[in-house]
Amino acid sequence: MSTYYLNYLEELESEAIFILREVWAQFQNPVILFSGGKDSILVTHLAKKAFHPAKIPFALMHVDTGHNFPEAIQFRDDIVEKLGVNLIVGSVQKSIDTGRVAEEKGKNATRNALQITTLLDTIEEHKIDCAIGGGRRDEEKARAKERFFSHRDEFGQWDPKNQRPELWNLLNGKYFEGEHFRAFPISNWTEMDVWNYLTKENIEIPSLYLAHEREVVKRNGSWIPNSDYLVLEPKEEIVTKKIRFRTLGDITITGGIESDADTMEKIVEEVSTMRETERGNRSDDKRSETAMEDRKKDGYF
């Protein structure tokens, strides 16, 4: 009798595929939250594997702040066309124009928190009962508290102290009218796991993750890219640096790192030596010790 062993990446893949299939089995109208970032790309690739040879049964949903990297939007549109899936777009600009939210002002203004209202409105409009995200527990201390199936109440809010147990791989997706779930199939993956898997599977990623020449300005300890939305402060200077991004958010808040890692193999080598979380260059997470958890309680990703 032969014994079949999985290596650690195969175990993570198998776990994620199991969770994606559970989402499809338990919910009526789930979607994959897709931003064009590496984690949502990974989740989408795993969904392809989970339901092969059939087409992915989920629509992709993007909450568009209007302050995105152009490269990320192009990548999103290309992958939607390639997969032949539906794309749902929630517009933060529309939320601003209709008075649902008020835009922040000032030097460090961001539309990041405004996504909450747009996300919840889009979920309600399209009657989505489960939004599948690429959140990982190693990213940030608030995300470390999440379950695979994360319940949201009728107001779209999350209570980290009132989550359902997940013993023996039993996932409980029962909800009352007006409530919904978030699902996180790659919760147990680390940044290194993601890059090792993307490299092994030869999965295409946006060029933003690879080292490239870009105009940037040093702000709050990070290299913030020059854009139409950047307002320079006195003594700030735009310079050209060879950088790459470890995580992708709004172009206004996502800081790059100086790097020569212009291939996926070099990224794996670089990440193996890093001691700071990839979200360390996100200015939205530096506003307070509990910035992420406060946003998540209100309905953030």
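In what follows, every heavy atom counts, from backbone to side chain, and hydrogens, waters and symmetry copies are set aside.
In summary, the side chains of T190 and D193 do present a donor paired with an acceptor at a separation below 3.5 Å, with no hydrogens or angles considered.
Y197 is connected to V271 through a chain of hydrophobic side-chain contacts under 4.5 Å among Ile, Leu, Val, Met, Phe, Trp and Tyr, so both are in one cluster.
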Determine whether T118 and V101 satisfy the following criterion, side chain to side chain contact (heavy atoms under 4.5 Å, CB included), listing intermediate values before the conclusion. CA-CA 9 Å; T118 307; V101 294; 5.6 Å; no

Between R152 and E146, does the salt bridge (Lys or Arg N to Asp or Glu O under 4.0 Å) criterion hold? Intermediate values first, please. CA-CA 12 Å; R152 297 300 195 270; E146 288 277 18; 3.4 Å; yes

Are V43 and I186 close enough, and set up right, to give a side chain to side chain contact (heavy atoms under 4.5 Å, CB included), and what steps lead you there? CA-CA 7 Å; V43 171; I186 61 170; 4.1 Å; yes

Let me see the working for T199 and N196 under side chain to side chain donor-acceptor pair (under 3.5 Å), right down to the final yes or no. CA-CA 5 Å; T199 302; N196 277 328; 5.7 Å; no

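Under a 4.5 Å side-chain heavy-atom criterion applied to ILVMFWY residues, the cluster that includes L170 comprises L167, W168 as well.
Taking each heavy atom of L83 and K55 in turn, the nearest pair found is O-CD, 3.7 Å. When every heavy atom of V216 is checked against every heavy atom of P225, the shortest pair comes out as CG1-CA, 3.9 Å.
In this structure the side chain of L33 reaches within 4.5 angstrom of the side chain of L119, judged on heavy atoms.
The closest donor-acceptor contact from the side chain of S272 to the backbone of E269 lies under 3.5 Å. Panel note: side chain T254, backbone L248; no donor-acceptor pair is recorded below 3.5 Å. Side chain of K38 to backbone of R246: a donor-acceptor contact under 3.5 angstrom is found. Side-chain atoms of D129 never come within 3.5 Å of backbone atoms of F27 as a donor-acceptor pair (strictly under, hydrogens ignored).
In this structure Y209 satisfies the ring pair (Phe, Tyr, Trp, His ring centres under 6.0 Å) test together with W195, sequence neighbours excluded. Listed by chain and number, the residues in a salt bridge (Lys or Arg N to Asp or Glu O under 4.0 Å) with R164 amount to none (sequence neighbours excluded). The side chain to side chain donor-acceptor pair (under 3.5 Å) test applied to K266 returns D262, not counting sequence neighbours.
Listed by first and then second residue, the salt bridge (Lys or Arg N to Asp or Glu O under 4.0 Å) pairs involving residues 60-72 are E71-R214 (not counting sequence neighbours). The ring pair (Phe, Tyr, Trp, His ring centres under 6.0 Å) contacts involving residues 60-98 comprise H67-Y229, F69-F245, where partners must be two or more places apart or lie in separate chains.
A distance of 12.5 Å separates OG of S207 from CZ of R244, quoted to the nearest 0.5 Å.
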